[in-house]
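Have a look at this one before I ask anything.
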Amino acid sequence: QVQLVESGGGLVQAGGSLRLACVLSGRTLHNYAMGWFRQAPEKEREFVAAISSGGDRTSYADSLKGRFTISRDNTKNTVLLQMNSLRPEDTAVYYCAAKRVFFSDSSSTYYQDRNDYNYWGQGTQVTVSA
C-alpha cells in the first residue's frame with residue numbers, strides 16, 4: 001500500500017523560503033511520477049509542480065515559475081518542493097501526489113491534472129504572512 005507523508009510546512013514571512021518534503025512508503029519511488037498541488041480556503045485544488053518518474057522533466061504552474069523548484073531523490077523515496085520568494089497568496093495546504101507509471105509509459109512524462117494521480121498525502125499547511 002502506497003503512503004505519502006508531507007512535511008516542512010509552517011509559517012513564514014513574505015519573501016521567505018520553505019522546503020517541503022514528501023516521502024513515499026510501501027513502494028519504490030522510481031515507479032511513480034510525482035506532483036504537488038495546493039488548496040487555499042474556499043478554492044479548488046490547483047496544480048503547483050510535477051516531475052516525471054525519470055526525473056528528467058518538470059512542469060510548473062505559470063505563476064510559480066522561477067520561484068518554486070521540484071526535485072526527487074529516488075534513493076530516499078523523497079520528492080522536494082523548494083519554495084522561494086513566498087507571497088501571502090501562496091498560503092494554502094500543499095499536497096503531494098503520486099501516479100503509478102508502467103513499463104509502457106514514458107519515464108519522461110509529467111502530469112498536471114489532479115485526476116491522473118492515484119495516491120495523495122494528507123497535506124501540509126503553508127502560511128505566508130504579509
CG on Leu29 to NZ on Lys76, rounded to 0.5 Å: 13.0 Å
Pairing residues for Arg45 by the side chain to side chain donor-acceptor pair (under 3.5 Å) criterion, not counting sequence neighbours: Gln39
Side chain proximity check, Met34 to Leu4, heavy atoms < 4.5 angstrom: yes
Shortest non-hydrogen contact from Ala50 toward Tyr111: CB-O, 3.3 Å
Inter-residue atom distance Gln82.CD - Leu20.CG, 0.5 Å rounding: 9.0 Å
Any side-chain heavy-atom pair of Asn118 and Val2 under 4.5 Å: no
Sequence neighbours excluded - disulfide (SG to SG under 2.5 Å) pairs with any residue from residues 98-130: none
Phe47: ring pair (Phe, Tyr, Trp, His ring centres under 6.0 Å) partners, not counting sequence neighbours: Phe37
Within one Ile-Leu-Val-Met-Phe-Trp-Tyr cluster: Leu64 and Tyr110, side-chain cutoff 4.5 Å: no
Residue pairs fulfilling disulfide (SG to SG under 2.5 Å) with at least one residue in residues 49-82, sequence neighbours excluded: none
4.5 Å side-chain heavy-atom contact, Tyr32 and Val79: no
Joint cluster assignment, Val48 & Val12, ILVMFWY side-chain distance < 4.5 Å: yes
Contacts of type salt bridge (Lys or Arg N to Asp or Glu O under 4.0 Å), residue Glu44, not counting sequence neighbours: Arg114
Residue list, side chain to side chain donor-acceptor pair (under 3.5 Å) with Ser17, at least two apart or on another chain: Asn84
Just distance, no hydrogens or angles: give the donor-acceptor pairs under 3.5 Å from side chains in residues 93-102, sequence neighbours left out.
| unit_1 | atom_1 | unit_2 | atom_2 | d |
| --- | --- | --- | --- | --- |
| Tyr94 | OH | Arg38 | NH1 | 2.9 |
| Tyr94 | OH | Asp90 | O | 2.6 |

Under the side chain to side chain contact (heavy atoms under 4.5 Å, CB included) test, residues paired with Thr28 that sit two or more places apart: His30, Asn31
Counterpart residues, side chain to side chain donor-acceptor pair (under 3.5 Å), relative to Lys65 (two or more places apart): Asp62
Show me the side-chain donor-acceptor pairs of residues 54-61 shorter than 3.5 Å, one per line, residues at least two apart or across chains.
| unit_1 | atom_1 | unit_2 | atom_2 | d |
| --- | --- | --- | --- | --- |
| Asp56 | OD1 | Ser52 | OG | 2.8 |
| Asp56 | OD1 | Ser108 | OG | 3.4 |
| Asp56 | OD2 | Ser108 | OG | 2.5 |
| Arg57 | NH1 | Ser108 | O | 3.4 |
| Ser59 | OG | Gln112 | NE2 | 2.5 |
| Tyr60 | OH | Ile70 | N | 2.9 |

Apart from Leu80 itself, residues in the same hydrophobic cluster as defined by side-chain heavy atoms under 4.5 Å: none
Ala21 versus Thr78, closest heavy-atom pair with distance: CB-CG2, 4.3 Å
Between side-chain atoms of residues 120-130 and protein atoms elsewhere (two or more places apart, or another chain), which donor-acceptor pairs fall under 3.5 Å?
| unit_1 | atom_1 | unit_2 | atom_2 | d |
| --- | --- | --- | --- | --- |
| Gln122 | NE2 | Glu6 | OE1 | 3.4 |
| Thr124 | OG1 | Gly9 | N | 3.2 |
| Gln125 | NE2 | Ala92 | O | 3.4 |
| Gln125 | NE2 | Thr127 | OG1 | 3.3 |

Donor-acceptor contact below 3.5 Å, side chain Asn77 vs main chain Leu24: yes
